Every structure is written in C-alpha cells, then in structure tokens.
2 protein chains.
Amino acid sequence: MISVEEQLKSMKQQMIAKGYKSTVQREATMRVLLEHERDHMSAEDVYMRVKERFPEIGLATVYRTLELLTDLHLVEKMNFGDGVARFDLRTEGHMHMHHHMICSICGEVEEIQDDWLTELEQRVQQEYGFNVSDHRLDFIGTFSSCKHGDCRRHCENAS
Amino acid sequence: MISVEEQLKSMKQQMIAKGYKSTVQREATMRVLLEHERDHMSAEDVYMRVKERFPEIGLATVYRTLELLTDLHLVEKMNFGDGVARFDLRTEGHMHMHHHMICSICGEVEEIQDDWLTELEQRVQQEYGFNVSDHRLDFIGTFSSCKHGDCRRHCENAS
DNA sequence: TTATTAAATTATAATCATTCTAAATAAAGA
DNA sequence: TCTTTATTTAGAATGATTATAATTTAATAA
C-alpha cells in the first residue's frame, strides 16, 4: 500500500515531466483527491475541501487542475447522470479504469478494482477490428443491504 | 425486423398505459428517434430534426419528451464526455442496454447489440451482494480503419 | 541570489445546456 | 360537446463550466 505522500510525489513528477508547473494550489487539490480516493467528488466538492486548507483558491483553478489531471490520465472524469462531472483517481498500477456499482436505492457508488474485461476486449478486437485502450463498466442495481433496509449510506432512503 | 410505424405504435401504447397523453409533438419526437436509431443525438440535434417537420415545437418540449421516454425506459440518456446528454433508443426485446465502442480518432460511437455481461453480473451478485438491473459498457479505443487513414466518418481527422 | 519569461491564478464575466414559470392550448373521458 | 387535467409555448432562470484580463508565481539562467 503506497502512502499519500508517495503518490503525491509521483503525481507531481508526472506533471513536471510533461512540462507543467507544480503549484501549491495543484498540490492542495491533488492531496484532497488522494485523501478522498473513493468519494467520487464533483468539482464543487473538491473546491470546498481544498478551501478548508487553502481559502484563497478559486473555483476556476480547481476546474483547471482537474482538467489537467484528466489529461494526464491521473484522474478520470465520470458522469453518473446527475448534472455534474465527478472525478475518480486512477489507481497506481491499474492501466485500465476500475468498474462501478451504482445503487438505485441510495445512490452510492462502489468500486470493483479487478479488471474483468480482458477477454471481452480481445473479442472486440477480433469481431469488430476495434483496438481498445480503455473502458468503462458500470452496473446499475441494488445492494442487498439497501434492499433489506440497512442502507450503507446516510440518506433519506436509509431506514 | 419491426417497422418504424409498429415501433411507434408500441411506444405510444406504453405511454398511454402509464397515464401520459399522446401528442403530436411527442409523436414527432419519437419518429425522429426511430428514424435515427444509431445516431446518438443530443437534445439539440433531436430538436433541429423535429423542427424540420414541426417548426412550432419548442426546445423545452423536446427536453421534456426525452426525459419522459427515459423514465419509461424507451430511451437511454447517455453521456460520452462532451458537454451534452445523448439519447439512445433501447432496442425492442433487449432488456439490457447495448454496449458502445467510442473511437478516439474520429469520435464515432458504434454499438454492440449482444449482451456480453451475463456472467459478470452473476459474479457481481455473488462477490458483492449487488443485484444488477442494468449496465453500461463502453470501450474506448480506435477502429483499425481509422488508424489506417480511411476513417468511417466525415470529419477533420478523416484522410 | 536576482532577473527573466512563460505559465498559472484570481475574480469576474460569459457561455451553454438544461429546467422552470405562467399563460394558452389540446387530449381524453363523461 | 363539455370538463378536467396534462401539455405546450416562449421566455426567463438556473447552474455547471469555461473564458478573459490583470496580477502573481514557478522555473530557469545569468
């Protein structure tokens, strides 16, 4: 398990290697992403968290940083159907995007870190001549726990 | 192969069965969707097509109709990462959403109509206690044809 | 260390997709 | 046909995201 500090260092190095500058605002934003790795935050969410420690930062800077990190393939910009983009850290050592389970009852998004699609990607190559570089797989449904009343998330649907 | 008229009739019936009214605006919108089944149009795209035949229609009506059709599970609202929602007809007889191949070169979106995920959905159920009702699977990559210069779509990247 | 230069940030305005509002219209059933 | 209620229209409002211009800062070299 790699530490937040090490990951941060690695992200900064990648940023610098591509000719971008390392700034305190970018570092603060990356730190928030690393410390809320599984939260699928919107830009506004990230902004509010960063502001706690760096109150002078502007919303546009957070947007620009998230866009940059997306370009560098360090985070993935996702859209789960509510009106906002959500940002999801790409795990070190996983070349492909992880999968998601989205609960229709509580809205919670959970991750599946394994890559289940290797075979299907070969099939896409063979049957359609399509060369896969990445993928997105979301399952929509319900967690057993939610269906039985003990929702794993604090929300109006939890019993 | 079921005809556009038959599909339209079926869609109208489902609409009426759920207590919604059948209007000329809704029919015109559904007709456009049926006649551009594989185009992944945005609301604005649909609006412009509908306007050709029904110039008085308002943009908000098209939005509302698309939302209604989404609620009825007759179309799927998708987001491919550009700023707009795209609407994709659900094929009659397919309970689950089809898969997509998205080309990084030309941006074209092609469909895979088979359902490749039955086994994985069982696995999600067993390993995570998550009961899948629907899914979304996108492959990002390149068509061999695009990579070799004869892009299948008229765009600036086509040779 | 300081000077230089290009990139980044700030604050704010602008944009653009989408949704809401109030008045007018039309569909479905009695 | 009449009545009721949903739907549509046109335009305003909203809200997420992006662009702008002036200012500041990071990286590099003298």
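Residue numbers start from 1 in every chain, and the chains themselves are labelled A, B, ... in the order their sequence lines are given, proteins ahead of strands. No experiment lies behind these values; they were computed from the predicted model shown.
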Among residues 61-84 of chain A, which contact DNA chain C at a heavy-atom distance under 4.0 Å? A:T61, A:R64
Here the distance between atom C1' of D:dA16 and atom CZ of A:F87, to the nearest Å, is 11 Å
If every non-hydrogen atom of B:S104 is compared with every non-hydrogen atom of B:T142, which pair is closest and at what distance? CB-CG2, 4.4 Å
Figure out the CG/P separation between A:L59 and C:dA8, and round it to whole Å. 18 Å
Would you mind reading off the distance between B:E56 atom CD and C:dA26 atom P, rounded to a whole angstrom? 10 Å
Rounded to whole Å, please give me the gap between CG in A:D45 and P in D:dA16. 10 Å
Distance-only, no hydrogens or angles: does the A:T61 side chain make a donor-acceptor pair with backbone N or O of A:I57 under 3.5 Å? no
Value in whole Å for how far the P atom of C:dT18 lies from OH of B:Y47: 14 Å
Aromatic ring pairing B:H135/B:H99, orientation class (parallel under 30°, perpendicular over 60°, tilted between): tilted
Candidate list A:R86, A:E110, A:E111, test side chain to side chain donor-acceptor pair (under 3.5 Å), partner A:H40, passing option: A:E111
Rounded to whole Å, how long is the line connecting atom CZ of B:F54 with atom P of D:dT7? 15 Å
Tell me if the side-chain of B:K21 makes a donor-acceptor pair with the base of D:dT5, cut-off 3.5 Å, by modelled atom types. yes
Restricting to pairs with a member in residues 44-70 of chain B, which pass ring pair (Phe, Tyr, Trp, His ring centres under 6.0 Å), not counting sequence neighbours? none
Using whole Å, report how far NZ of B:K12 lies from C1' of C:dA28. 14 Å
Specify the residue among A:G19 and B:R86 whose closest nucleotide of DNA chain C lies further upstream toward the 5′ end. A:G19
I want to confirm an ordering. Mapping B:E44 and B:Y20 to their closest nucleotides on DNA chain C, which one lands closer to the 5' end? B:E44
Below 4.0 Å: OP1/OP2 of D:dT25 and any side-chain N or O of A:Q25: no
Electrostatic pair B:K9:B:E5 at N-O distance under 4.0 angstrom: no
Contact class for A:S22 vs. all strands (heavy atom < 4.0 Å): base, sugar-phosphate, or nothing? sugar-phosphate
Between C:dT25 atom C1' and B:R26 atom CZ, what is the distance in whole Å? 14 Å
Students often mix this up, so state it plainly: with edges at 30° and 60°, are the rings of B:W116 and B:F139 parallel, tilted or perpendicular? tilted
Regarding the side chain of B:A60, the nearest nucleotide among D:dT17, C:dT9, C:dC20 is C:dC20
